[in-house]
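Here's the structure, in structure tokens; my notes come after.
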Amino acid sequence: MIDLSNKVTIITGGSRGIGAACVKLFVQAGSKVAFTYKSSKEIAEKLENEMNGLAKAFHVDMENEKEIFEMVNQTEKLFGKVDILVHNAGIWNDGTLEKMSLDHWNELIRINLTSTFLFCKACTPIMKKNNFGRMILITSTAGQRGEAFHSHYAASKGGMISFTKSLAVELAPFNITVNSVAPGWVDTELNNEVFADSDYKEKIRQTIPLGKIATAEEIAGPTLFLASDLAKHITGEILNVNGGSVLCG
């Protein structure tokens with residue numbers, strides 16, 4: 001039912017985890033995809049080759065404004081337009097308040113929040129020109145309820161959630177919807193370190209009413225929905241995908 005034929009999608013952080021699952025699913029739905037990676041060149045090129053010419057990988061530093069705008073502009077030149085933005089790239093790490101340095105705080109805010117601003121800013125003129133756009137920002141339940149010992153991460157995701165709601169109203173007159181998917185725990189490379197403790201992973205699983213930790217594909221599916229015509233009257237929404245562990249719709 002979901003058909004993204006003749007659509008062009010940018011997916012950030014597309015070489016691994018949720019991003020890679022989105023690349024595969026969006027291509028399956030018929031979209032051409034440009035995706036970013038930072039360090040996983042071999043993995044990104046392998047994924048690009050598996051997509052049979054429907055995906056293009058771009059090396060982009062999420063802290064570099066010039067590289068971000070160049071990637072968006074190159075995507076428009078390559079595919080003719082940009083219809084959909086899935087901003088997924090980000091980092092997660094520990095940071096207790098008293099021990100966190102300003103550099104540690106600023107790095108995470110730049111990578112998670114400032115890059116959101118820059119990608120949306122770069123894509124907006126192209127979407128306005130075509131009177132069509134779908135922006136989906138991958139946030140987190142941490143951005144809604146907060147998260148002790150990860151306050152910088154929660155602040156960045158909370159900022160993305162407020163940014164989603166703000167842009168939804170600002171861009172609505174141009175047929176551009178802006179929504180967010182807010183995952184809870186997801187079993188991806190981002191969480192490999194914390195999930196290395198199998199006992200802790202099991203404790204987390206037991207807190208989830210549906211009884212399992214989400215896979216990347218289970219986040220990619222709702223993301224695809226928000227990019228489709230099935231969701232054309234939804235904007236400013238924060239879609240929680242967490243197995244019922246955080247009920248904050």
Side-chain angles (χ1 to χ4, degrees), residues 1-4 7-14 18-19 21-22 25-26 29 31 33 62 68 72 81-90 92 109-147 153-184 186 214 218-249:
M1 181 179 289
I2 293 179
D3 183 4
L4 296 185
K7 293 290 190 289
V8 177
T9 304
I10 288 176
I11 298 172
T12 68
I18 294 169
C22 286
L25 199 57
F26 275 66
S31 179
V33 174
M62 290 295 119
I68 289 171
V72 173
K81 57 179 179 172
V82 175
D83 298 296
I84 301 161
L85 169 66
V86 177
H87 187 55
N88 162 74
W92 178 88
I109 294 296
R110 285 195 303 268
I111 292 173
N112 289 6
L113 181 57
T114 305
S115 70
T116 303
F117 158 70
L118 292 172
F119 265 101
C120 290
K121 182 178 180 180
C123 289
T124 292
I126 302 171
M127 293 179 176
K128 280 186 175 181
K129 182 170 57 180
N130 296 319
N131 195 42
F132 180 89
R134 300 286 181 263
M135 295 182 179
I136 302 101
L137 311 182
I138 307 301
T139 59
S140 171
T141 54
Q144 295 171 301
R145 66 174 181 175
E147 190 167 347
Y153 178 77
S156 72
K157 294 299 183 177
M160 289 174 68
I161 286 170
S162 292
F163 192 61
T164 296
K165 295 177 180 181
S166 301
L167 289 191
V169 177
E170 184 173 334
L171 300 181
F174 307 97
N175 194 30
I176 300 170
T177 65
V178 188
N179 293 290
S180 168
V181 171
V186 186
E218 288 167 332
I219 309 303
T223 304
L224 178 66
F225 162 71
L226 289 174
S228 76
D229 282 344
L230 294 174
K232 63 184 177 182
H233 201 59
I234 299 174
T235 197
E237 179 63 29
I238 313 305
L239 179 55
N240 290 282
V241 187
N242 57 43
S245 59
V246 180
L247 302 175
C248 53

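- Under the side-chain hydrogen bond (donor to acceptor under 3.5 Å, both in side chains) criterion, K232 pairs with no residue at all, not counting sequence neighbours.
- For R110, the salt bridge (Lys or Arg N to Asp or Glu O under 4.0 Å) partners are E63, not counting sequence neighbours.
- The list of side-chain hydrogen bond (donor to acceptor under 3.5 Å, both in side chains) pairs with a residue in residues 155-174, not counting sequence neighbours, reads N112-S156.
- Every residue two or more places apart in sequence or in another chain that forms a side-chain contact (heavy atoms from CB on, under 4.5 Å) with A142 is listed here: S140, E147, Y153, A154.
- A distance-only check finds no donor-acceptor pair linking the side chain of N130 to the backbone of F132 [under 3.5 Å].
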Determine, step by step, whether T9 and V86 satisfy the side-chain contact (heavy atoms from CB on, under 4.5 Å) criterion, reporting the C-alpha distance in whole Å, the side-chain angles of both residues, the deciding distance to 0.1 Å, and the verdict.
CA-CA 7 Å; T9 304; V86 177; 4.3 Å; yes
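- The main-chain N or O of L137 is never found under 3.5 Å from a side-chain atom of N179 such that the two would form a donor-acceptor pair.
- Listed by chain and number, the residues in a side-chain hydrogen bond (donor to acceptor under 3.5 Å, both in side chains) with D3 are S5 (sequence neighbours excluded).
- Residues forming a side-chain contact (heavy atoms from CB on, under 4.5 Å) with L118 (at least two apart in sequence, or on another chain): E65, I68, F69, T114.
- Here the straight-line distance linking atom CG of L239 with atom OG1 of T139 works out to 9.5 Å at 0.5 Å rounding.
- The two residues A168 and T235 make their nearest non-hydrogen contact at CB-OG1, 3.4 Å.
- Once rounded to the nearest 0.5 Å, the distance linking CD1 of I234 with CZ of R134 reads 10.0 Å.
- Here E218 pairs with K212 under the salt bridge (Lys or Arg N to Asp or Glu O under 4.0 Å) rule; sequence neighbours left out.
- Here the shortest heavy-atom pairing between I238 and A182 reads CG2-CB, 3.9 Å.
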C120 and M135: CA distance, side-chain angles, deciding distance, side-chain contact (heavy atoms from CB on, under 4.5 Å) verdict
CA-CA 8 Å; C120 290; M135 295 182 179; 3.7 Å; yes
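- Here CG of D229 is found 9.5 Å from CD1 of I2. Values are rounded to the nearest 0.5 Å.
- Distance OG1/T116 to CE/M160: 3.5 Å, rounded to 0.5 Å.
- Here the side chains of L167 and I176 are not in contact, with every heavy-atom distance at 4.5 Å or above.
- In this structure, CD1 on I161 lies 11.0 Å from CG on L113, to the nearest 0.5 angstrom.
- A search for side-chain hydrogen bond (donor to acceptor under 3.5 Å, both in side chains) contacts involving D83 returns K81, not counting sequence neighbours.
- I138 pairs in a side chain to side chain contact (heavy atoms under 4.5 Å, CB included) with only one of the listed residues (I11, V186, V241, N88), which is N88.
- The side-chain heavy atoms of Q144 and N240, taken from C-beta on, include a pair separated by under 4.5 Å.
- The side-chain contact (heavy atoms from CB on, under 4.5 Å) search around A227 returns F26, I84, I136, not counting sequence neighbours.
- Closest of all the heavy-atom pairs between F119 and I10 is CE2-CG2, 4.3 Å.
- At distances below 3.5 Å, not a single donor-acceptor pair connects side-chain atoms of S115 with backbone N or O atoms of M62.
- In terms of modelled atom types and a separation under 3.5 Å, the side chain of S31 and the main chain of V33 share no donor-acceptor contact.
- Counting all heavy atoms, side chain and backbone alike, G184 lies closest to T141 at CA-OG1, 3.9 Å.
- Not a single salt bridge (Lys or Arg N to Asp or Glu O under 4.0 Å) links K128 to another residue, sequence neighbours left out.
- By the side-chain hydrogen bond (donor to acceptor under 3.5 Å, both in side chains) test, T223 is found to be paired with no residue, residues two or more places apart in sequence or in another chain being considered.
- From S245, atom OG reaches atom CZ of R145 across 6.5 Å, with rounding to the nearest 0.5 Å.
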